[in-house]
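This structure is a prediction, so every number in the text was calculated from the model and none was measured. Scope of the values below: all heavy atoms of this structure, side chains included, with no hydrogens, waters or symmetry mates. All residue numbers in this chain count up from 1 along the given sequence.
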Amino acid sequence: MIRVSRPAGLSRPSKSFLCYLMTAIVATAIPTFGLAESWPQFRGPRGDGIVTEGNPPVQFGEDKNLTWKTDLEGKAWSSPVIADGTIWLTSAVEIIPTEDERVELLRKTENEERQFKQLAIAKAIELKVFAVDLETGKLKQTIELTTVEQPDAIHSLNSYASPTPVIDGNRLLCHFGTFGTFCIDRTNGKLIWERTLPLKHAVGPGSSPIIHDGKVILIQDGMERQYVIALNAETGSTEWETDRPPMDAPTGDQKKAYCTPIVITDSNGREQLLCMGSQWMVSYDAKTGEEFWRLYHGKGFSVVPRPIFDGEAVYFATGFGKPQLWAAKVDGSGDVTDSHVLWTVKKSIPAKPSPVITGGLIYLVDDNGVASCIDSEDGSNVWSKRLGGKFSASPILADGRMFFCNHDGEVFVIKPGTECDIEVTNQIEGQIMASPAVIGDALVLRTDSALYRFDR
C-alpha cells in the first residue's frame, strides 16, 4: 500500500466522531427515495449499496429459500429496480451473427483485428423493458423500445443493456448509452420521450443515469468527446451540458469512462454532483453544471465503480490500468489535487465493482476476487481475503451482512468487522454481473438468464 501524505493543516475528525455522525449525515447528503418501499436506482435508494431496512435471507439457492425464478429474454447486466410491487429491467435481445459474419461486421468498425478476440457484435439488437410482478415473478409486461441495426461492437464481457434504469415517480428512465435514452410512463407502459446522444463507447455503454431535482444526469465519457449532460425529466430537453477537463492521453481509449455519479452536500452547504472520469474526479453544481473543483488522479481510465461519500470525504476507484482507491475532501474550489487528497491505496482495488462504507470501514472486492476492508481514516488495510472467481457486481450491505456476487453465481455473505468472517457461500445457476437488490425482506438477483427472488 502506498499513501499520499496529508497536506499540512488538513485534518479530519476522529473516527469515533465520524462513525457517530455518519448515519445522519449520509442520510441527508445522498438523495433517497422511500427506503422501505422501493429500490429505484443503481445501488439502491441511497445509491451506495446500503440497505437501511430489510432482512434478506442469508442462505439461499436453487432449492433453498427460493420464492420464484423467472427466465428472462436477452442479455443485460443492468440491475433490477423496484417500486409499487413491480420489478423493472432493461434487456437487449441480440440477433447473433455467425462467426464469419461477426468477423465481417468487426472489419467494418474502426477496431484493429488484434482486438477482435475481446469484442462482441450483433447484427441487430432489440431494446426492451420487462415488468415483473414482485410477489409472483410473473412477467406482467414487455415494452418494445427500438431496434438498432448493425450496432457498435462491445467488449465480450459487456452487454448492450448494462446501464441500470432509474425510477422517478411514475416515470422509468432507461439509458442504453449511444443507442438511446427512453422515458416511460410506469402506469401504462407508454413512451413519454426519447433522446439519442451519439457516443463512441468503444466497448459498449456502462454509466447509469441518476435523477436529481427534476433532471436526468448522464455522464457521457466517450472516445471522441467527454461531457456531462442534464436532461429535463419531463420532456427530455437539455437543461445544461458541460465538457470534461482536458486529458493527457495518446488515444481516446484512455479518455473514456463508464462511472455513475452521486450528489452530495458539503459542509459549506453546496450541492455537488460528483462525476468520476478518466484522469479527473470533478465536482459540478448540480443545478447549473458549473464546475466547483477538480482533482487529477493520474492515468486511470474506463472508470466503472460508483464513488461513495461518508459525509466528509469522497472515496473513489481510479479505473483500469492500475486501479487505486483515493480519499479526498470535498470542500475545495478549483484544482484541489495538491490540497485535498487524504490518502491513496494501490493494492487489490476493483476496476468494476463499487465499494461500500459503514462504521468507518470501506469494504470492496477487486475484479479477481480479493475482498478487502480498509480504514477510511488513513487508508490502512484491516484485512484482505481471496474469495475466488471474477467479480463485476457491486456488493450490498443488508441487515448487518455484506453480499458479494461473482461471475460463477456464487454469493459470499460476510459479516462486517475487523476480521473477515465468511458466514456462508451460496450458489445459484448462471452468471451474475448485475448488482443485487433488496426490497423488504426479499433478495432479488439477476443472472445472465433469469431473475430470482429469495426470502427467509
Side-chain angles (χ1 to χ4, degrees), residues 26 29-33 39-51 77-81 158 162-167 173 175 177 205-212 216-221 228 244 256-265 272-278 280-284 286 295 297 300-311 313-320 323-328 330 345 349-358 362-367 372 374 376 391-398 402-405 433-438:
V26 173
I30 301 175
T32 58
F33 294 79
W39 189 272
Q41 62 170 326
F42 177 55
R43 308 210 72 203
R46 301 168 17 141
D48 59 1
I50 294 178
V51 180
W77 303 151
S78 56
S79 300
V81 292
N158 200 6
S162 289
T164 296
V166 59
I167 293 171
L173 281 301
H175 182 59
S207 176
S208 297
I210 68 168
I211 297 287
H212 180 70
V216 184
I217 310 293
L218 303 173
I219 293 186
Q220 296 281 97
D221 285 341
V228 182
R244 304 291 251 156
K256 67 186 190 305
Y258 308 96
C259 198
T260 301
I262 62 173
V263 177
I264 62 106
T265 302
Q272 300 185 34
L273 176 68
L274 300 184
C275 297
M276 180 60 179
S278 296
W280 295 95
M281 162 64 87
V282 187
S283 166
Y284 302 96
L295 187 157
H297 60 75
F301 63 96
S302 292
V303 186
V304 176
R306 192 175 191 181
I308 52 175
F309 178 65
D310 67 1
V314 61
Y315 307 89
F316 56 92
T318 60
F320 282 78
Q324 303 174 21
L325 184 70
W326 286 48
V330 298
V345 177
I349 304 304
K352 294 193 290 293
S354 307
V356 172
I357 185 169
T358 182
I362 301 169
Y363 300 88
L364 43 78
V365 62
D366 72 10
D367 299 40
S372 298
I374 295 171
S376 67
F391 285 75
S392 292
S394 297
I396 62 169
L397 171 65
M402 303 289 306
F403 292 74
F404 294 87
C405 309
M433 304 285 276
S435 301
V438 172

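At a threshold of 4.5 Å between non-hydrogen side-chain atoms, the residues Arg244 and Gln220 do not count as touching. Taking the side chain as every heavy atom from C-beta outward, Ile374 and Leu364 approach each other to under 4.5 Å.
Partners of Ala437 according to the side chain to side chain contact (heavy atoms under 4.5 Å, CB included) rule, which considers only residues two or more places apart in sequence or in another chain, are Trp39, Pro80, Ile82, Val444. Residues satisfying the salt bridge (charged side-chain N to carboxylate O under 4.0 Å, His left out) criterion with Asp366, sequence neighbours excluded, are absent altogether.
In terms of heavy-atom proximity, Arg306 sits nearest to Phe42 at NH1-O, 2.9 Å. Summarising the geometry of Ser392 relative to Met433, their closest heavy-atom pair is OG-CE, 3.7 Å, with the distance given to 0.1 Å. When all heavy atoms are compared, the tightest approach of Arg46 to Gln41 is C-NE2, 4.0 Å. The minimum heavy-atom distance between Pro209 and Leu173, with the atom names listed, is CG-O, 4.3 Å. Among all heavy-atom pairs drawn from Ile349 and Val345, the shortest one is CG1-O, 3.7 Å. Taking all atoms of both residues into account, the shortest heavy-atom contact from Cys275 to Pro261 is SG-CB, 3.8 Å.
The residues Lys352 and Asp367 are annotated as salt-bridged, a charged nitrogen and a carboxylate oxygen being separated by less than 4.0 angstrom.
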Query raised in the report: Val216 and Val166: side-chain contact (heavy atoms from CB on, under 4.5 Å), yes or no, with the steps?
Result: CA-CA 9 Å; Val216 184; Val166 59; 5.6 Å; no
Query raised in the report: What's the verdict on side-chain contact (heavy atoms from CB on, under 4.5 Å) for Ile262 and Phe309, showing C-alpha distance, side-chain angles and the deciding distance?
Result: CA-CA 9 Å; Ile262 62 173; Phe309 178 65; 4.1 Å; yes
Report task. Could you walk me through whether Ile396 and Met402 pass side-chain contact (heavy atoms from CB on, under 4.5 Å), step by step? Result -> CA-CA 6 Å; Ile396 62 169; Met402 303 289 306; over 6 Å; no
Query raised in the report: Should Phe404 and Phe391 be marked as a side-chain contact (heavy atoms from CB on, under 4.5 Å) after you check the CA-CA gap, both sets of side-chain angles, and the distance that decides it?
Result: CA-CA 8 Å; Phe404 294 87; Phe391 285 75; 4.0 Å; yes
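Annotation: the span from Trp77 atom CH2 to Ser435 atom OG amounts to 12.5 Å, rounded to 0.5 Å. Here CD1 of Ile362 is found 5.5 Å from OH of Tyr315. Values are rounded to the nearest 0.5 Å. Rounding to the nearest 0.5 Å gives a distance of 8.0 Å between OG of Ser208 and NE2 of His175.
Using modelled atom types, no side-chain atom of Ser78 and backbone atom of Ser162 make a donor-acceptor pair closer than 3.5 Å. When atom types are taken as modelled, the side chain of His297 and the backbone of Gly277 share a donor-acceptor pair closer than 3.5 angstrom.
Checking Gln324 against Thr318 by side-chain atom types alone, no donor-acceptor pair falls below 3.5 Å. No hydrogens or angles considered: nothing links the side chains of Tyr258 and Asp221 as a donor-acceptor pair under 3.5 Å.
With Ile217 as reference, Val228 is the one residue of Val228, Thr260, Val263, Ile211 to meet the side chain to side chain contact (heavy atoms under 4.5 Å, CB included) rule.
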